[in-house]
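One structure is given below, encoded as structure tokens.
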Amino acid sequence: MYASLTLPVRLVRSVGPERWCEVANLESRTAVVTGGGRGIGRAIALELARHGADVVVSSRTMEQLASVVAEIEAIGQSGLAVVADALDREQAKDPVRRAVERYGACDILINNVGGGAPVRGSQEAFTHDDDVFEANLALNLTSAYWTTREALPHMRDAGYGRIINIGSGYAKRSGGVLAYTAAKHGLVGFTRALAHDTAAHGITVNCLCPGWTNTALVDWEAMGRAAGISAEAAHAWRASENLQGRVLEPEELGPMAALLAAQESAGITGQVISVDGGYKV
């Protein structure tokens with residue numbers, strides 16, 4: 001019995017990115033990945049490139065973006081770095097504009113930017129800072145609307161579009177800080193409403209939700225201090241919250257994103273799909 005329970009974990013760890021989503025052919029497609037300089041955004045950008053897409057990556061840090069573009073080009077695809085602040089409405093639209101200028105299309109949009117907004121103040125429910133709440137809502141929800149709004153006319157005219165919003169384990173349950181959790185729940189509603197409004201135009205919209213994932217956004221030291229435990233204990237605590245008992249790697253999100261971005265996924269829209277090791281199932 002115990003051997004059968006551990007088999008899925010072994011399968012996940014033994015199947016490399018080169019063997020996942022072989023059906024996903026993205027040749028001649030152009031993708032935009034926001035927050036693409038590191039972590040999950042970087043992993044998805046590289047996976048889309050492996051499947052044949054040219055990729056525009058955006059974030060606030062050119063050094064990180066330049067590194068990702070170099071990796072995309074090493075794969076054999078074209079890449080473009082766009083420095084943009086997702087909290088600025090016009091800058092949030094720039095990656096799509098630049099994709100259309102360079103490649104003539106924006107076929108795939110990965111709304112990955114998110115996390116904690118760089119605005120300081122209380123995030124406790126009874127003393128929550130208003131500016132902090134609004135900034136985090138803008139970063140994790142409104143910025144996705146801004147970027148999507150720029151992409152939609154191009155997708156409609158092409159009769160093809162794939163929009164993938166990156167959610168969170170907290171997109172479906174409580175437990176995160178107030179503004180972040182509210183924004184990620186809002187992203188699910190945005191996904192479903194947009195899928196309804198765009199389905200007739202060959203556009204699909206889905207929400208891909210990671211659980212605890214090893215990225216720079218997760219500060220194990222800070223999490224441990226807040227809980228009065230070590231960083232190692234904090235890592236083990238979060239790993240214990242999913243069925244596989246581990247924290248995932250960013251690269252594990254890439255294959256599902258590639259599948260959802262492909263022509264073959266035309267029948268998948270309005271869905272909330274988790275790649276999280278069975279987080280709080």
Side-chain angles (χ1 to χ4, degrees), residues 6-27 29 31-59 61 63-79 81 108-115 162-169 171 206-220 235-236 238-239 241-262 264-265 268 272-279:
T6 59
L7 180 57
V9 180
R10 290 173 184 156
L11 285 174
V12 168
R13 291 174 177 172
S14 66
V15 177
E18 70 281 1
R19 293 182 57 194
W20 284 34
C21 295
E22 293 177 0
V23 72
N25 183 354
L26 303 180
E27 291 180 7
R29 299 297 185 189
V32 171
V33 181
T34 69
R38 62 183 183 179
I40 291 171
R42 169 187 169 275
I44 290 176
L46 295 179
E47 188 69 14
L48 298 182
R50 291 186 191 101
H51 288 274
D54 297 322
V55 187
V56 177
V57 287
S58 70
S59 76
T61 308
E63 183 179 1
Q64 292 177 345
L65 293 174
S67 177
V68 176
V69 167
E71 291 181 275
I72 291 169
E73 291 175 345
I75 291 169
Q77 295 303 125
S78 176
I108 302 158
L109 173 61
I110 312 294
N111 285 313
N112 170 69
V113 72
R162 298 288 185 265
I163 299 170
I164 303 171
N165 300 314
I166 304 303
S168 166
N206 293 288
C207 186
L208 178 56
C209 293
W212 289 106
T213 307
N214 279 318
T215 73
L217 293 178
V218 181
D219 187 337
W220 300 112
H235 188 281
R238 294 311 190 184
E241 293 184 323
N242 70 45
L243 299 180
Q244 295 180 347
R246 65 191 183 94
V247 175
L248 275 67
E249 297 301 325
E251 289 73 19
E252 296 183 73
L253 276 293
M256 181 57 72
L259 175 61
L260 294 175
E264 293 84 354
S265 68
I268 306 173
V272 181
I273 299 170
S274 296
V275 178
D276 60 10
Y279 178 65

Could you tell me if the side chain of Ile40 sits less than 4.5 Å from the side chain of Thr213, heavy atoms only?
yes
Backbone N/O of Leu260 and side chain of Ser265: donor-acceptor pair under 3.5 Å:
yes
Is the shortest heavy-atom distance from the side chain of Asn111 to the side chain of Ile164 under 4.5 Å?
no
Considering all heavy atoms of both residues, which atom of Leu48 and which atom of Ala261 are nearest to each other, and what is their separation?
CD2-CB, 4.1 Å
Taking all atoms of both residues into account, what is the closest heavy-atom pair of Glu73 and Gly79, and its distance?
OE2-O, 4.1 Å
Without swapping roles, check the side chain of Gln64 against the backbone of Arg38 for a donor-acceptor pair under 3.5 Å.
no
Would the distance check show the side chain of Ser67 and the main-chain N or O of Leu65 forming a donor-acceptor pair, the cut-off being under 3.5 Å?
no
Should the pair Glu252-Arg246 be classified as a salt bridge under the 4.0 Å nitrogen-to-oxygen rule?
yes
Are Val33 and Val55 close enough that some pair of their side-chain heavy atoms sits under 4.5 Å apart?
yes
Report yes if the side chains of Leu208 and Met256 come closer than 4.5 Å at any heavy-atom pair, otherwise no.
yes
Pairwise distance CD(Glu47) to CD1(Ile110) - rounded to 0.5 angstrom:
11.0 Å
After noting the C-alpha distance and the side-chain angles of Ile166 and Ile44, does the key distance pass the side-chain contact (heavy atoms from CB on, under 4.5 Å) rule?
CA-CA 11 Å; Ile166 304 303; Ile44 290 176; 3.9 Å; yes
Quick one: pull up CD in Gln244 and OH in Tyr279 and give me the separation to the nearest 0.5 Å.
14.5 Å
Are any side-chain N or O atoms of Thr215 and backbone N or O atoms of Leu217, one a donor and one an acceptor, separated by less than 3.5 Å?
yes
Spell out, as yes or no, whether a donor-acceptor pair under 3.5 Å connects the side chain of Arg50 to the backbone of Ile75.
no
Quick one: closest heavy-atom pair of Ser78 and Asp54, and the distance?
N-OD1, 3.0 Å
Would you call Arg42 and Glu251 a salt bridge, using N to O less than 4.0 angstrom?
yes
side-chain contact (heavy atoms from CB on, under 4.5 Å) between Val218 and Trp212, worked out
CA-CA 8 Å; Val218 181; Trp212 289 106; 4.2 Å; yes
Does any N or O in the side chain of Asn214 come within less than 3.5 Å of the main-chain N or O of Glu249, such that one atom is a donor and the other an acceptor?
no
Measure the shortest side-chain to side-chain distance between His235 and Val247 over non-hydrogen atoms and say whether it is less than 4.5 angstrom.
yes
Given 3.5 Å as the limit, does a donor-acceptor pair link the side chain of Thr34 with the main chain of Asn112, or not?
yes
Applying side-chain contact (heavy atoms from CB on, under 4.5 Å) to Cys209 and Ser168, what does each step give before you reach the verdict?
CA-CA 5 Å; Cys209 293; Ser168 166; 5.8 Å; no
State whether the side chain of Asn206 and the backbone N or O of Ile268 hold a donor-acceptor pair below 3.5 Å, judged by distance alone.
yes
From CA spacing to verdict: side-chain contact (heavy atoms from CB on, under 4.5 Å), Leu46, Ile72
CA-CA 6 Å; Leu46 295 179; Ile72 291 169; 3.8 Å; yes
Measure across His51 and Ala258 and return the closest heavy-atom pair with its distance rounded to 0.1 Å.
CD2-CB, 3.7 Å
Rounded to the nearest 0.5 Å, the CG atom of Leu253 sits from the OG atom of Ser274 at a distance of 10.0 Å
Derivation and outcome, side chain to side chain donor-acceptor pair (under 3.5 Å), residues Asn242 and Asp276:
CA-CA 7 Å; Asn242 70 45; Asp276 60 10; over 6 Å; no
What one should report as the nearest heavy-atom pair of Leu248 and Val275 is CD2-O, 3.7 Å
